[in-house]
Protein chains: 2
Amino acid sequence: MTSVEEPAHNGGRIRDAARTRAEILDVATKEFARAGLAGARVDEIAALTRTTKRMIYYYFGGKEQLFTAVLERAYTVIRQAEQDLDVEHLDPVAAIRRLAELTFDHHEAHPDFIRLVSIENIHEAEHIAGSEQLGRIGSPALEVIHRILESGRKSGLFTADVDAVDLHAMISSFCFFRVANRHTFGALFGRDLTAPDQREHYRTMLGDMVIAYLTADRTA
Amino acid sequence: MTSVEEPAHNGGRIRDAARTRAEILDVATKEFARAGLAGARVDEIAALTRTTKRMIYYYFGGKEQLFTAVLERAYTVIRQAEQDLDVEHLDPVAAIRRLAELTFDHHEAHPDFIRLVSIENIHEAEHIAGSEQLGRIGSPALEVIHRILESGRKSGLFTADVDAVDLHAMISSFCFFRVANRHTFGALFGRDLTAPDQREHYRTMLGDMVIAYLTADRTA
DNA sequence: TAGCTAACGTACTAGTTCGTACATTAGTGG
DNA sequence: CCACTAATGTACGAACTAGTACGTTAGCTA
């Protein structure tokens, strides 16, 4: 998420297109996540940057395109993390549980990304739809899940009739809800789903749920 | 959701505080769900009403308070539906499955409500927190779940270590995600989670998941 | 080192948007 | 049926906000 490191080698202002672009994206990510697409202020983004509003239009063209660029970069981070998945050396049950846990951890670690996804859904995913980059990448995780499911079914461990996409939805649902809806859930039911001392409880609960579903006795 | 019925007994304009208020709430619900709090336009809400913007300020005080009022009414509808739950005559397994299905159906039937909840979470539930009405009602469903869990555990059917709030979160996660995130999920994975011909599949999947979790063999 | 262009800054505008001051009338209580 | 108030309508303004016209300079290249 933080693409800008070097504190300053300035004095007079230095020209660095890549840094300027990245800094705008960093700040815009926070601002859009904070206030939504309509609520975010271009002037505010510019003010939190070492450059000016002019540069936002210079590099991105406009507010909506900036939002699209923010989404594109955020999804790139996810895809990268998924590429580092290394669970296929485990037995199917352990592999799925590990995968669920990694998904859980990733959601917890990137609340801003969760907010951006919520916001993009309010806008009916029109920016994803309009982005060539986001058009058709598909998640690397899906193929991993697919292979684990195959293997688990072959060995008779898994009895459930789901494909990788459905299982991914199931796992993501819980992880996403826990982070995205923690405020209303907390306000209404008085329980903080993201309280640190409850973390292990929910992480285990998710794994138990998924494994129970996949391995349930379906002879009845 | 539709609180305004009578088509017209007008001619000259009639004064009806209750109808005007309700009509504003109806229109505002749609507008806020469509565009979010910042994206919604007070003028647009007024235009879609048989009254004027002036009345929005007369009855609600401002945009934010109108949003709070919209949320209050939306949650009232949910609570009402939960009060009509009638599942405790069933055995615990059937009761939980039925409850999950009703939750599923309710989410599907009220996509605008789902959007409002997403939006309220972007604003960190500050309107719920600031509303006396929404402050501490708690869901009637929670008590139903609590009693079913007790009964299921007593008979040895349920082995899982969850309370009613956690189970409610689990069920809601899936139902909520399926509706709220259908756009990004569809755009990224090419699958419409809310496609009518997949409805039964996902409804069954949810029930299977919850029951499998609650009844899993935990002797290992 | 001259000159050229990518990168950057300033200042402004056109349009929007929330909110309100002021005027008016329907309907009710006395 | 008169007066009073709750309910409603009109017109407007102040502030904000996305976007741009125009001007400047760093630093590379020939």
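All figures in this text were calculated on a predicted structure; none of them were measured in a lab.
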Item to complete: Measure distances between side-chain N and O atoms of B/R54 and base N and O atoms of D/dA7, and say whether any donor-acceptor pair falls under 3.5 Å.
Response: no
Worksheet entry | Protein-nucleotide distance (A/I45, atom CD1; D/dT17, atom C1'), rounded to Å | 12 Å
Item to complete: Could I get the full list of side-chain contact (heavy atoms from CB on, under 4.5 Å) partners for A/L142, not counting sequence neighbours?
Response: A/S139, A/A164, A/V165, A/H168, B/F189
Discussion item. What is the separation between atom CZ on B/F60 and atom C1' on C/dG19, rounded to the nearest whole Å?
Written reply: 16 Å
Worksheet item: What parts of residues 30-44 of chain B reach DNA chain D, counting only heavy atoms under 4.0 Å away?
Response: none
Item to complete: Starting at atom CD1 of B/I56, determine the distance to atom C1' of D/dG9, rounded to an integer number of angstrom.
Response: 13 Å
Discussion item. Can you tell whether the side chains of B/E82 and B/R79 come within less than 4.0 Å, N to carboxylate O?
Written reply: no
Practice prompt. Rounded to the nearest angstrom, tell me the gap between atom CZ in A/R15 and atom C1' in C/dA7.
Written response: 4 Å
Worksheet item: For A/T51 and C/dG9, is the shortest distance between a side-chain N/O and OP1 or OP2 below 4.0 Å?
Response: yes
Practice prompt. Name all pairs fulfilling the ring-ring contact (aromatic ring centres under 6.0 Å, His included) condition that reach into residues 63-86 of chain B, sequence neighbours left out, sorted by first residue then second.
Written response: B/F32-B/F67, B/F67-B/H127, B/Y75-B/F113
Practice prompt. Apply ring pair (Phe, Tyr, Trp, His ring centres under 6.0 Å) to A/F176 and list each qualifying residue two or more places apart in sequence or on a separate chain.
Written response: B/F177
Response to the item:
From CD of B/Q65 across to P of C/dC18 the rounded distance in Å is 14 Å
Response to the item:
The single option from B/L206, B/V210, B/T103 that satisfies side chain to side chain contact (heavy atoms under 4.5 Å, CB included) with B/F174 is B/L206
Practice prompt. Using atom CE of A/M55 as one end and atom P of D/dA18 as the other, report the distance to the nearest whole Å.
Written response: 17 Å
Response to the item:
Applying ring pair (Phe, Tyr, Trp, His ring centres under 6.0 Å) to B/H106 and not counting sequence neighbours gives B/H110
Item to complete: Please check the phosphate of D/dG9 (OP1 and OP2 only) for any side-chain N or O of B/Y58 closer than 4.0 Å.
Response: no
Response to the item:
Comparing nearest nucleotides in DNA chain D, the 5'-proximal residue of the pair B/R21, B/K53 is B/R21
Worksheet item: Between atom OH in A/Y59 and atom C1' in D/dG19, what is the gap in whole Å?
Response: 18 Å
Fill in: Residue pairs fulfilling salt bridge (Lys or Arg N to Asp or Glu O under 4.0 Å) with at least one residue in residues 61-72 of chain A, sequence neighbours excluded
none
Discussion item. Below the 4.0 Å mark, does D/dT8 have OP1 or OP2 next to a side-chain nitrogen or oxygen of B/T20?
Written reply: yes
Fill in: Euclidean distance, atom OH of residue A/Y57 to atom C1' of C/dC8 [Å, nearest integer]
16 Å
